[in-house]
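Below is one structure, written out as structure tokens; the observations come after it.
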Amino acid sequence: MVELTEQQMADIRNFGALQYPIDKIISILEIQDPEEFKIEFNNEESAIFKKYRSGMDEAQYKIDMRIFELARSGDMKAIQMYNRKLKSN
């Protein structure tokens with residue numbers, strides 16, 4: 001099991017928001033056991049996976065909400081983006 005600090009776990013959430021690839025994460029965090037980290041990163045039950053996924057989901061939510069707000073205010077480009085989003089769901 002890979003042991004990470006609270007700061008590293010917060011970083012993983014941010015990496016999820018930015019959708020950084022695993023090799024970049026390993027490099028930035030200077031992970032000592034990359035293979036074990038990869039196993040945990042790809043395990044849907046692990047804290048690492050859940051933190052990364054949470055970052056991804058929150059970032060997408062914030063983007064979607066901003067597009068919605070702009071569309072509601074009449075921004076034509078945002079309306080188009082919002083409509084495309086609705087069709088893809």
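Keep in mind it's a predicted model, so treat the numbers as computed, not measured. In what follows, residues are counted from 1 in the order of the sequence shown.
- We find that Asp33 and Lys38 are not joined by a salt bridge, their nearest charged nitrogen and carboxylate oxygen being 4.0 Å or further apart.
- Sorted by first then second residue, the salt bridge (charged side-chain N to carboxylate O under 4.0 Å, His left out) pairs that include residues 78-89, not counting sequence neighbours, are Asp64-Lys85.
- Residues forming a side-chain hydrogen bond (donor to acceptor under 3.5 Å, both in side chains) with Ser27 (at least two apart in sequence, or on another chain): none.
- Residues passing the side-chain hydrogen bond (donor to acceptor under 3.5 Å, both in side chains) test with Asn42: none are found, sequence neighbours excluded.
- By the 4.5 Å side-chain criterion applied to Ile, Leu, Val, Met, Phe, Trp and Tyr, Ile22 is assigned to a cluster that also includes Val2, Leu4, Met9, Ile12, Phe15, Leu18, Tyr20, Ile25, Ile26, Ile28, Leu29, Ile31, Phe37, Phe41, Ile48, Tyr52, Met56.
- For the side-chain hydrogen bond (donor to acceptor under 3.5 Å, both in side chains) test, residues two or more places apart in sequence or in another chain that qualify with Lys62 are Glu58.
- In this structure, Glu6 has no side-chain contact (heavy atoms from CB on, under 4.5 Å) partners at least two apart in sequence or on a different chain.
- Looking at residues two or more places apart in sequence or on another chain, you find no ring pair (Phe, Tyr, Trp, His ring centres under 6.0 Å) involving Phe49.
- Met1 belongs to no hydrophobic cluster with other residues, because no ILVMFWY side-chain heavy atom falls under 4.5 Å from its own, directly or through intermediates.
- To the nearest 0.5 angstrom, Ile39 atom CD1 is 5.0 Å from Glu36 atom CD.
- Atom CG of residue Leu70 and atom CE of residue Met65 lie 11.0 Å apart, to the nearest 0.5 angstrom.
- The CD1 atom of Ile67 lies 12.0 Å from the CD1 atom of Ile79; values are rounded to the nearest 0.5 Å.
- Partners of Asp57 by side-chain contact (heavy atoms from CB on, under 4.5 Å), not counting sequence neighbours, listed by chain and number: Arg53.
- Screening residues 69-89 for ring-ring contact (aromatic ring centres under 6.0 Å, His included), with sequence neighbours left out, gives Phe68-Tyr82.
- Residue pairs that meet the salt bridge (charged side-chain N to carboxylate O under 4.0 Å, His left out) test with at least one member in residues 69-78, sequence neighbours left out, are Arg66-Glu69.
- A distance of 12.0 Å separates NZ in Lys24 from CD in Gln19, rounded to the nearest 0.5 Å.
- At a threshold of 4.5 Å between non-hydrogen side-chain atoms, the residues Lys50 and Glu45 count as touching.
- The side-chain hydrogen bond (donor to acceptor under 3.5 Å, both in side chains) search around Gln7 returns Asp11, not counting sequence neighbours.
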